[in-house]
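Worksheet for the structure shown next.
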There are 2 protein chains.
Amino acid sequence: MPKESTSPMSTNPVQGGKVTIKQVAQQAGVSTASVSYVLSGRSGATGRNGGVAQETAQRIRRVAERMGYAPDLAARKIRTGRSDTILLSLTMLSDPWSLAVIEAVQRRAMPLGITPMILADADWSRVLKSHDADAMFVDAVSPGQEELLTALSSQGKRLVVFHEEMQPKGFDVIRSLAGPGCVLAMDHLLRNHHKIAILTTERARERHDSARFMPYLDGLVKAGIPVREDYIDFFDRSPASAYAAAMRLLDRPDRPTAIYATTDFAAMSAINAAQRLGLRVGVDVDVVGVGNTSEGESMVPSLTSVGPEGFFDELARILVARAQGDEQDPRAVDFHWKLFSRESAR
Amino acid sequence: MPKESTSPMSTNPVQGGKVTIKQVAQQAGVSTASVSYVLSGRSGATGRNGGVAQETAQRIRRVAERMGYAPDLAARKIRTGRSDTILLSLTMLSDPWSLAVIEAVQRRAMPLGITPMILADADWSRVLKSHDADAMFVDAVSPGQEELLTALSSQGKRLVVFHEEMQPKGFDVIRSLAGPGCVLAMDHLLRNHHKIAILTTERARERHDSARFMPYLDGLVKAGIPVREDYIDFFDRSPASAYAAAMRLLDRPDRPTAIYATTDFAAMSAINAAQRLGLRVGVDVDVVGVGNTSEGESMVPSLTSVGPEGFFDELARILVARAQGDEQDPRAVDFHWKLFSRESAR
DNA sequence: CTGTTAGCGCTTTCAT
DNA sequence: ATGAAAGCGCTAACAG
């Protein structure tokens, strides 16, 4: 049995360059193959291959440890095609929604030795082409990019796309239809109110965004309530703008008694604005949001909202399955929304 | 001059597998070397090597495009040692601080073709060992991990570490001393107030955290004001807890006229609480935060805070320089804090 | 049980 | 100006 060679210069764990499998092999007096078996694939398993003696395995592991060996994942990837990595392309990282995605994926992937990495760039197309992870999640795709997705997935990339109305074309689609959910939100308010304002984005209104804006109009019409222009106001991405808009709606004599906000974060700003004005949320004014974020749930007062149930967990499940090589036909998964009635609107 | 071969099967941009440099070379009727030159290094440059004829280069590019070629970054990395990637290990992704780091790095790195990737895991040690990017940023290191950092950097990894009191040992250290800054915050309040409360974390108090907690005590002592236990309250990571704590401080007869919060996010919650109680922030009660986040700056009313100046940009500069191979000796960079006086405390 | 060997896709001398 | 060929670190057949 070969002993660990003891050349004085080379056993230092802290060296200049990086430690390779070859160096470890040499130090341990075995071949690179054995080292590879022990350090990556299984070693002691009685399977057909990979049978490395316990003793040898021990020695290799000791030497590797002492030398501070760490596998080069790029090299491994080039050989196996797997990177043990999931890429999450998230456009609005500040949004609690994104954090929820991350956390859910984290929880599922890490125990399996898969590392989720986040790409905080709106332009996923450039990066996803070359950087390839075992699976990638894309949270926003603009109209023209659909084709690109198909191209990517036919090149072997495993994609999971979040989109409201896209069809699975080589990639999975997570669809979370806000429309019906928003109807629930409006219905909830319509039970007790007829002076209902909406806090939304310019874009949603221009395009008559069927998902989040139309249910407001439809709801009023259905209830026979005329639409008032002065009960419609807008915000952009910043909380400050939502706060300001809510102020405009609430700080006047003929103020609405309820606000339907097309985003949880806008709803939260509206609550702050109402409180600033001395209004009791849930009593003087009701507020509902859309998205059912945990931030809204844990705020004071807790935010009534609509959202999909079990969404993040299921998303993570699918993504991780794909990363592990699940070869089922790409599918679309629809989520049903429900109303989560809390303090801000009973 | 060889024509682009026109075998019917293989010119399809959307194929089963991935397109390699070899396939492109074959299609274009040139060698892989030429393709590599054109597609990665410079092609037409009159430099000593890499001289590829304009015509050839054109053809290669066309073919590559048509076939949907994208370089395999793992393969490239194994050869060049560069991944054109920066890894950001951020523990509190929900914190605006992290977002600011991301944005700053993004802005500097992307124009240079470097992609920042985020690792949202507290345990950076495991990942950073194998996954190596051109440079990596670590925003939190626990006491025992210091040694590991040195080990990593002596293996050729370029690290930039954020820590208040660490010495550069093979890696750069970004030091942002909160202490002096917090003194500024207290001094600011002490000009007009003697009933000053503090909103802080249990941990900071227990360990008599010199940076953020002690300046409160020292400030009061220096001004000859006795410390009141009932003017000290605590929050944990959630905004809800900070809100609740602020409520406890403010919702009673002998309430403080100023709140020193050891975090911007806590300060923001305090402002919300004050408004909820009908108090005018900046008039009935002053609030200052620590960190000088842009969220605080853009909130209504804008938050007075202390923080380092030009911090994120400089951090990004250093990180990107390292990623590009800057070989200067590792150094420690200290940031000076200043007071940003805004509406919440004049 | 262990070693030899052939690549993965790419870059980079070194010839031609 | 272009191509042949040698590897980077690793894994996976295949021999022994």
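Here the structure is a predicted model, which means the values were calculated and not measured. So you know, we letter chains A, B, ... as the sequences are listed, proteins then strands, and number each from 1. Reckoned from all heavy atoms, side chains included, excluding hydrogens, waters and symmetry mates.
Between D:dA1 and B:Ser34, no contact under 4.0 Å exists linking OP1 or OP2 to a side-chain N or O. Checking the phosphate oxygens (OP1, OP2) of D:dT11, a side-chain nitrogen or oxygen of A:Ser40 falls inside 4.0 Å. Look at B:Thr32 and you won't find any side-chain N or O under 4.0 angstrom from OP1 or OP2 of C:dT11. One finds no side-chain N or O of A:Tyr37 lying less than 4.0 angstrom from the OP1 or OP2 phosphate oxygen of D:dA13. Here A:Thr20 does not reach the OP1 or OP2 of D:dG9: none of its side-chain N or O atoms lies under 4.0 Å away.
Here the P atom of nucleotide D:dG7 and the CZ atom of A:Arg79 are 18 Å apart, to the nearest Å. One interatomic measurement links the two molecules: NZ of B:Lys77 to P of D:dC8, which rounds to 14 Å at whole-angstrom precision. Protein atom NE2 of A:His131 is 18 Å distant from nucleotide atom P of C:dG9, rounded to whole Å. Distance, A:Lys22 NZ to D:dT11 C1': 15 Å, rounded to whole Å. In this structure, the CZ atom of B:Arg76 is 18 Å from the P atom of D:dG9, given to the nearest Å. Atom CD in A:Gln155 sits about 13 Å away from atom P in C:dG9, given to the nearest Å. Rounding to whole angstrom units, CD1 of residue B:Ile21 and P of D:dG3 are separated by 12 Å. As rounded to whole Å, 15 Å separates atom C1' of D:dG9 from atom CD of A:Gln26.
A salt bridge does not link A:Asp84 to A:Lys77: none of the charged nitrogens lies less than 4.0 Å from a carboxylate oxygen. With salt bridges taken as basic N to acidic carboxylate O contacts below 4.0 Å, none links A:Glu65 and A:Arg62.
Proximity of a side-chain donor or acceptor of A:Asp134 to a complementary backbone N or O of A:Gln324 within less than 3.5 Å is not detected. Of the possible donor and acceptor atoms, none in the side chain of B:Glu146 sits under 3.5 Å from a partner among the backbone N and O of B:Pro143.
In this pair, B:Phe162 and B:Trp97 present their aromatic rings tilted. The plane angle is within the 30 to 60° band.
When the nucleotides D:dC10, D:dG3, C:dC1 are ranked by their closest atom to the side chain of A:Ala53, C:dC1 comes out on top.
Residue A:Ser36 is in base contact, counting any heavy-atom pair closer than 4.0 Å across all strands shown.
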